[in-house]
Every structure is written in structure tokens, then in C-alpha cells.
Participant: 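Submitted below is the structure of interest, expressed as C-alpha cells.
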Amino acid sequence: MQHSPDYADHKATLIGNYVGGRFVTEGVRFDDVSPVDGTIHARVVEADRTLVDQAVSAARAAIDAGWGQLSIQERVTWLRRIADRMEQRFDDFVAAEMADTGKPLALVRSLDVPRGIANFRIFADLAVGFQEESFRTPTPDGRGALNYTVQKPLGVVAVISPWNLPLLLMTWKVAPALAAGNAVVVKPSEETPATAGLLAEICHEIGLPPGVFNLVNGFGPNSAGEFLTSHPGVDAITFTGESTTGSAIMRAAAATVKPISFELGGKNAAIVFADADFEAAVDGTARSTFLNCGQVCLCTERVYVERPIFERFVDALRLRADALVPGRPDDPKTTMGPLISTGHREKVLSYYRLAIEEGATVVTGGGVPHFGDDRDAGAFVQPTILTGLAETARCVKEEIFGPVCHVTPFDDEADAIRMANDTRYGLAAAIWTSDLARAHRVAPLMETGIAWINTWFLRDLRTPFGGVKLSGIGREGGRHSLGFYSEPMTICVKL
Ligand code: NAD
């Protein structure tokens with residue numbers, strides 16, 4: 001276990017960069033602020049252009065030094081070592097993720113950290129069985145030809161991740177990229193760098209070859225994010241975040257025609273038919289609207305409910321919202337944490353105000369909770385349910401990314417499908433019905449990357465994941481991730 005001494009000295013409060021197997025703590029620092037009470041819980045070293053250059057060079061050198069040529073069995077052994085060490089340091093990851101995001105302890109323990117670890121195990125298993133193809137082709141001389149593919153790494157992969165599920169979404173990219181033989185330079189969100197810092201420690205502790213995993217901290221424009229995505233030495237970019245950021249990254253990547261994989265924003269719909277299991281539909285919609293304080297790309301922000309059950313559904317959903325308990329992450333009574341920052345809270349509150357200007361009825365919420373203690377300096381908002389808006393209202397069209405939904409009645413199936421699809425986004429949809437034929441009829445008509453029937457957020461990690469329209473480009477998950485992170489090459493042998 002070799003920490004560089006300068007890093008170990010400041011471990012509790014300083015999050016450094018990790019480049020070519022070395023922790024770098026020199027440089028301009030910025031604050032890592034708790035969204036629970038506004039206190040500064042860590043200082044983060046911003047990577048400048050020179051350090052980003054060094055990280056890209058170190059990644060390239062690691063590939064050339066042999067990482068790219070390791071057998072798949074050797075590489076997946078490294079992935080399993082990472083997972084094992086993460087498991088040993090499970091509580092450190094929980095503490096770091098809670099400090100950065102303010103999420104309730106139970107959520108971090110049951111979702112963020114286990115899924116972060118599982119990503120390494122799952123992609124280790126999948127990579128071993130990743131198929132190469134071969135074809136025998138007839139030729140005029142009767143001897144034929146053998147065509148076969150070899151999967152090669154892309155090279156240096158830039159991983160740009162968001163703040164809402166920091167560890168989960170970062171490892172979802174790092175694990176398959178490494179399994180496929182690439183080296184990575186990771187740029188976590190400036191709001192949530194702590195778990196990426198811990199992952200760098202783990203790579204160091206287990207002796208992962210220097211340069212295979214590099215970490216550069218910083219912001220987007222004019223900072224580490226842009227330096228990395230426009231870098232000529234980066235061979236591919238995988239990004240999760242806002243659709244507008246995706247556009248900026250696409251422009252930066254255009255000059256060197258880099259392959260990109262984008263998982264972007266959403267404005268996801270749920271359709272609740274009158275024949276649905278009522279309690280399951282209300283519980284499911286409450287969860288899909290309010291989980292992680294509404295900060296999951298898959299969260300429902302538009303709910304379409306068949307008119308005969310509309311009033312009853314809105315009442316029941318309101319009871320679920322009002323029962324949520326905002327509070328500190330380590331308080332067992334807490335069921336909803338804060339938004340990620342007071343800056344993001346201002347954006348969400350501006351939509352709460354806009355909804356009223358646009359003529360909404362605020363069924364519940366619409367403001368901020370008052371605690372009478374230091375949490376009033378945090379980023380909490382009330383869970384909010386809106387009705388009465390026109391389908392053209394900005395609050396029905398734009399991604400808010402908070403604990404809020406608008407509920408609209410509908411009269412027939414075609415109407416519900418039309419409204420659900422009338423959006424520039426296309427990530428996810430949920431359909432609640434007990435009519436099996438209808439479920440299977442409606443689901444494929446959703447213009448989204450995934451549609452759930454009578455559930456939400458459930459998914460086998462081997463399935464393709466991604467969005468259409470403004471919600472993304474490409475698919476990750478299972479062999480689809482391995483497909484993105486590798487370059488198939490064809491070899492043809494005349495027999
Ligand atoms: P964001 O786009 O603001 O930031 C994401 C990352 O991009 C951060 O690391 C940021 O520093 C970096 N970045 C910003 N500008 C950049 C630039 N010009 N060049 C390079 N990097 C840049 O997103 P966020 O606010 O962190 O996350 C929330 C958004 O992510 C929401 O829109 C949400 O829907 C989306 N999201 C999508 C998925 C999905 O799978 N589709 C999953 C989670 C979150």
C-alpha cells in the first residue's frame with residue numbers, strides 16, 4: 001500500500017489528481033461543499049492543461065507498456081482485484097459518497113456503492129465471454145477464405161461523469177473500458193470528486209500498472225473537462241450528463257473525429273391506465289419521481305393518468321410526497337436528501353416559480369423545507385406535484401432534475417402515447433396496466449431507450465442502456481459497452 005506521502009498527509013481533506021501512478025496535490029484548489037449544510041468538507045486540486053496532457057501521455061504509455069496486450073484473463077483479474085478492495089473499503093466509499101451528495105445512508109449502502117463494485121465484477125465476467133466472429137467464404141478456386149475479427153482497444157478513453165450517481169456512473173464506464181484493454185483518464189463532476197479519489201487510491205493500493213487509471217479533477221469549460229475532450233491524444237469519449245454539455249463535447253471531439261458514447265438528459269413519462277394495480281402504480285410513480293431527490297436521469301417528471309382514476313391518483317401521490325422526510329444522510333428517519341448544490345436548487349426553484357406563472361396548480365410542495373438549524377444553509381427542496389399545465393408549458397417540456405412531476409389526465413390510449421412521445425428527449429418510460437396485451441402494444445411505441453411495464457429502475461446490466469433524441473448517442477451495458485470500448489478488426493486469410 002503505497003500512498004505518496006503528500007497525499008496521505010492530507011487524505012481526509014484534500015482530493016488530489018492521480019496521473020501515471022502518482023498522486024498530484026500541487027495546483028489551484030477548489031471547495032467540495034456539503035449540500036446538507038453548506039460546509040466545506042474537502043478541498044480539490046484542479047488539474048491544469050499541463051497535467052491533463054501528462055495524464056493522456058501516461059495513459060498512452062501504459063497501453064504501449066503492455067496493458068493493451070494483456071490477455072483478457074489477466075485484465076479481468078485486475079478488475080476483480082479492484083472490486084475486492086472496494087468491498088474491503090465499502091464504508092469509506094459510503095462515507096465519501098454521502099459527504100459529497102448528502103444522499104440517505106440507506107440509499108448509498110444499497111445502491112451507489114454495491115452497484116459501483118458490481119460494475120467491475122459484471123464486466124469482468126462479460127469480457128471473458130465477449131465473442132469474436134469468424135466466417136468461411138467460398139472463392140472461385142474452391143479453396144475458400146477464412147475471415148475473422150479481433151477486438152482491439154480504442155486506446156486512451158476520456159471518462160466524463162456527472163454528480164447524481166457519481167461512483168455508479170463512473171465505474172459503469174471505467175470497468176468495461178479497462179476490460180477491453182483501454183487506459184482511462186477520468187474527470188468526475190466538480191461537485192462529487194470524492195469516490196473517484198478513493199478509486200484512485202485503490203488502483204494505487206493494488207498496484208495497477210501506472211497510467212492505466214488516471215484521475216483529473218476540475219470543471220467543464222476552460223478546465224479539465226474541455227482540456228480532455230478536445231485533446232488530440234484522447235481516442236474516445238464516454239460522457240454522462242446534460243444534453244447541452246453533450247453538444248459542447250461533440251463540438252470539441254469533432255476536430256479529431258473521436259468516437260463518442262453519450263448518456264444524456266431525460267423528461268421521462270409514466271402512463272397509468274385505470275386498470276393498473278392502483279397501489280403499485282402510486283408507489284412506483286412516487287419512487288420514480290422522488291428517488292435521489294429526483295436526480296436520476298430515469299426519474300419520471302411527466303405522469304399521464306387515465307381520467308377515471310385521475311383525482312384519486314393525484315391524492316394518493318400527494319400522500320406519498322408528504323410522507324417523505326428530508327434530513328441528514330445518517331439519520332435513519334431521513335428518506336430524502338438535498339439537491340446537489342444551492343446552485344442546482346436555484347434552478348429547480350426557478351421551475352417551481354415558472355410553473356405558477358404558467359398556470360399550474362401546486363398540489364403539494366413548491367418551496368423549501370425549514371429546519372431551524374444548519375440544514376437551512378443546505379440545498380433541500382420540497383417534493384412537488386403539479387397539475388393543470390398545458391402540454392406546451394416549459395415545465396412539461398424541459399428537464400428540471402428535481403423531486404417534481406406534472407400529472408395530466410388522458411382519455412384514450414392513443415392520446416397517452418402521443419403526449420408521452422411529444423418531447424425532445426427519449427430516455428425512459430413506465431407503463432402501469434394489468435392488461436398484458438395493452439402493455440406489450442404500448443411499450444414498443446414509446447420513443448425511448450427503455451420502457452418499463454409495472455416497474456421502474458429494474459434492469460439486467462447485460463441489457464443495452466441509452467437514449468434516443470436528445471437523450472443520447474449509442475448504447476452501453478453488457479456487450480454493448482464492450483462493443484463501444486473496442487475496435488473490431490477483420491483479418492481475411494486466403495486458404
Ligand atoms: P453536466 O453536463 O453539467 O456535467 C457532467 C460532467 O461534464 C461534469 O463532470 C462536468 O464537469 C463536465 N462538463 C461540463 N461541461 C463540459 C465541457 N464543456 N467539456 C467537458 N466536460 C464538461 O451534468 P450534471 O449536472 O453533472 O448531471 C446531471 C445531468 O446528467 C442531467 O441532465 C441528467 O439527466 C444527466 N444524466 C444522464 C444519465 C443517462 O444515463 N442518460 C445518467 C445520469 C445523469
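Note that the structure is predicted; figures quoted are calculated from it, not measured. Throughout, residue positions are numbered sequentially from 1 according to the sequence presented.
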Participant: When rounded to the nearest 0.5 angstrom, what is the spacing between NE2 in H204 and CZ in F23?
Facilitator: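 Interatomic distance, H204 NE2 to F23 CZ, rounded to 0.5 Å: 5.5 Å.
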Participant: Is there side-chain contact between M446 and N421, with heavy atoms separated by less than 4.5 Å?
Facilitator: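 Yes - at least one pair of side-chain heavy atoms lies under 4.5 Å apart.
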Participant: Please find the pair of heavy atoms, one from A158 and one from V234, that lie closest to each other, and give the distance.
Facilitator: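 Looking at all heavy atoms of both residues, the closest pair is CB-CG1, 3.8 Å.
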Participant: Below 4.5 Å, heavy atoms only, C-beta onward: do E226 and P221 meet side chain to side chain?
Facilitator: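 Touching, per the 4.5 Å side-chain cut-off.
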Participant: Looking at D283 and A280, would you say the former's side chain and the latter's main chain have a donor-acceptor pair under 3.5 Å?
Facilitator: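 Absent.
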Participant: Where is the tightest heavy-atom contact between N292 and L107, given as atom of each residue plus distance?
Facilitator: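 That closest heavy-atom pairing would be OD1-CD2, 3.9 Å.
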Participant: For the rings on F401 and W163, is their centre-to-centre separation under 6.0 Å?
Facilitator: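 So the answer is yes for these two rings.
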Participant: Can we say D235 and K258 salt-bridge, meaning some charged N sits less than 4.0 Å from an Asp/Glu carboxylate O?
Facilitator: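 Looking at D235 and K258, the cut-off is not met.
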Participant: Could you tell me whether a side-chain N or O of E97 sits under 3.5 Å from a main-chain N or O of F93, the two making a donor and an acceptor?
Facilitator: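 No, the answer is negative, given that no donor and acceptor are paired below the 3.5 Å cut-off.
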Participant: With distance as the sole test, does N217 use its side chain to make a donor-acceptor pair with the main-chain N or O of E190 at under 3.5 Å?
Facilitator: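 A pair under 3.5 Å: no.
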Participant: Side chain of R302, backbone of K267: donor and acceptor closer than 3.5 Å?
Facilitator: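 Pair found, side chain donor or acceptor close to backbone of K267.
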Participant: Could you grab the distance from atom CZ of R424 to atom OG of S471, nearest 0.5 Å is fine?
Facilitator: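 Atom-to-atom, R424:CZ and S471:OG are 10.5 Å apart.
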Participant: Could you tell me if R115 sits above the aromatic ring of W172, with its cationic atom closer than 6.0 Å to the ring centre and no more than 45 degrees from the axis?
Facilitator: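 The answer is yes; both the distance and angle limits are met.
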Participant: Taking the side chain as everything from C-beta on, heavy atoms only, tell me whether C203 gets closer than 4.5 Å to V212.
Facilitator: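 Side-chain contact under 4.5 Å: no.
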Participant: Run R22 and V24 through side chain to side chain contact (heavy atoms under 4.5 Å, CB included) and show every step you take.
Facilitator: CA-CA 6 Å; R22 192 174 67 87; V24 181; 3.6 Å; yes
Participant: Between A47 and A224, which heavy-atom pair has the shortest distance, and what is it?
Facilitator: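 Closest approach of A47 to A224, heavy atoms only: O-CB, 4.0 Å.
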Participant: May I have the step-by-step check of side chain to side chain contact (heavy atoms under 4.5 Å, CB included) for V272 and V303, ending in yes or no?
Facilitator: CA-CA 7 Å; V272 185; V303 187; 4.1 Å; yes
Participant: Looking only at heavy atoms, what is the nearest atom pair of M98 and P329, with distance?
Facilitator: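 What the structure gives for the nearest pair is SD-CB, 3.9 Å.
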Participant: Just by modelled atom types, is the L495 backbone N or O under 3.5 Å from a matching donor or acceptor in the R143 side chain?
Facilitator: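 Yes: the side chain of R143 pairs with the backbone of L495.
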Participant: For R441, does the CZ atom sit with more than 12 other heavy atoms under 6.0 Å from it, leaving out its own atoms?
Facilitator: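 It does: R441 CZ has more than 12 such atoms within range.
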Participant: Is a donor on one side and an acceptor on the other found under 3.5 Å between the side chain of D112 and the backbone of L168?
Facilitator: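 Not a single qualifying donor-acceptor pair exists.
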Participant: Is there a donor-acceptor contact under 3.5 Å linking the side chains of N147 and T137?
Facilitator: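 Short answer, yes.
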Participant: Could you measure the distance from the OG atom of S189 to the CG atom of L165? Nearest 0.5 Å is fine.
Facilitator: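 One gets 12.0 Å once the value is rounded to the nearest 0.5 Å.
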Participant: In Å and rounded to the nearest 0.5 Å, what is the CG to CD distance from L482 to Q151?
Facilitator: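 Rounded to the nearest 0.5 Å, the CG-CD separation comes out at 8.5 Å.
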Participant: Mark yes or no for whether E191, through its side chain, and S341, through its backbone, hold a donor-acceptor pair below 3.5 Å.
Facilitator: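 Side chain of E191 to backbone of S341, a donor-acceptor pair under 3.5 Å: no, none is there.
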Participant: Evaluate whether atom CZ of R80 has more than 12 neighbouring non-hydrogen atoms of other residues, nucleotides or ligands under 6.0 angstrom away.
Facilitator: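 Enclosed: over 12 neighbouring heavy atoms sit under 6.0 Å from CZ of R80.
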Participant: Between the side chains of Y485 and T238, does any donor sit under 3.5 Å from an acceptor?
Facilitator: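 The criterion, which ignores hydrogens and geometry beyond distance, is satisfied for T238 and Y485.
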Participant: For A194, is there any backbone N or O sitting under 3.5 Å from a side-chain donor or acceptor partner on D100?
Facilitator: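 Yes.
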Participant: Find the distance between CH2 (W67) and CG (L208) and round it off to the nearest 0.5 Å.
Facilitator: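 Atom-to-atom, W67:CH2 and L208:CG are 5.5 Å apart.
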Participant: Is any side-chain heavy atom of N268 less than 4.5 Å from a side-chain heavy atom of T448?
Facilitator: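 Side-chain contact under 4.5 Å: no.
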Participant: Does the structure place the NZ or CZ of R81 under 6.0 Å from the centre of the six-membered ring of W78, at an angle of no more than 45° from the ring's axis?
Facilitator: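 Yes, R81 lies over the aromatic ring of W78.
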Participant: Spell out, as yes or no, whether a donor-acceptor pair under 3.5 Å connects the side chain of D32 to the backbone of R43.
Facilitator: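 Flag not set: sc D32 to bb R43 has no pair under 3.5 Å.
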Participant: Should we count NZ of K397 as having more than 12 external heavy atoms under 6.0 Å?
Facilitator: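 Result for NZ/K397: enclosed.
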Participant: Give a yes-or-no answer on whether the side chains of T245 and E242 include a donor-acceptor pair shorter than 3.5 Å.
Facilitator: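 No, because no side-chain N or O of T245 sits under 3.5 Å from a partner of the opposite role on E242.
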Participant: Does the side chain to side chain contact (heavy atoms under 4.5 Å, CB included) test come out yes or no for L228 and I237, once each step is laid out?
Facilitator: CA-CA 9 Å; L228 191 56; I237 301 170; over 6 Å; no
Participant: Treating T334 as the side-chain partner and R328 as the backbone partner, does any N or O pair qualify as donor plus acceptor under 3.5 Å?
Facilitator: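 Side chain of T334 to backbone of R328, a donor-acceptor pair under 3.5 Å: yes, one is there.
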Participant: Could you check F239 against L264 for side chain to side chain contact (heavy atoms under 4.5 Å, CB included), going step by step and ending with a plain yes or no?
Facilitator: CA-CA 8 Å; F239 166 72; L264 308 177; 3.4 Å; yes
Participant: Which heavy atom of P176 sits nearest to which heavy atom of T171, and what is that distance?
Facilitator: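 Answer, listing the atom of P176 first, then T171: CD-O, 3.9 Å.
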Participant: Are V113 and T195 side-chain neighbours, meaning at least one heavy-atom pair lies under 4.5 Å?
Facilitator: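 No, too far: nothing below the 4.5 Å cut-off.
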Participant: Quick one: sort the F219 and F30 rings into parallel, tilted or perpendicular, breaks at 30° and 60°.
Facilitator: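 Judged by the thresholds at 30° and 60°, the geometry between F219 and F30 is tilted.
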Participant: Heavy-atom distance under 4.5 Å between the side chains of I473 and I260, does that happen here?
Facilitator: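 Of all side-chain heavy-atom pairs linking I260 with I473, at least one is under 4.5 Å.
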Participant: Measure the shortest side-chain to side-chain distance between L199 and I82 over non-hydrogen atoms and say whether it is less than 4.5 angstrom.
Facilitator: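 Answer yes - side chains close enough.
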Participant: Quiz question: by atom type and distance under 3.5 Å, do the side chains of K173 and T240 form a donor-acceptor pair?
Facilitator: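 Present: a donor and an acceptor within the cut-off.
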Participant: Between I72 and R75, is there a side-chain heavy-atom distance shorter than 4.5 Å?
Facilitator: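 Sidechains of I72 and R75: in contact.
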Participant: Could you pull out the closest heavy-atom pair between A281 and W432, with the gap in Å?
Facilitator: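 Taking A281 first and W432 second, the nearest heavy atoms are CA-CE3, 3.6 Å.
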Participant: Going from CG on L167 to CD1 on I117, what distance comes out if it is rounded to the nearest 0.5 angstrom?
Facilitator: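 The CG atom of L167 sits 8.0 Å away from the CD1 atom of I117.
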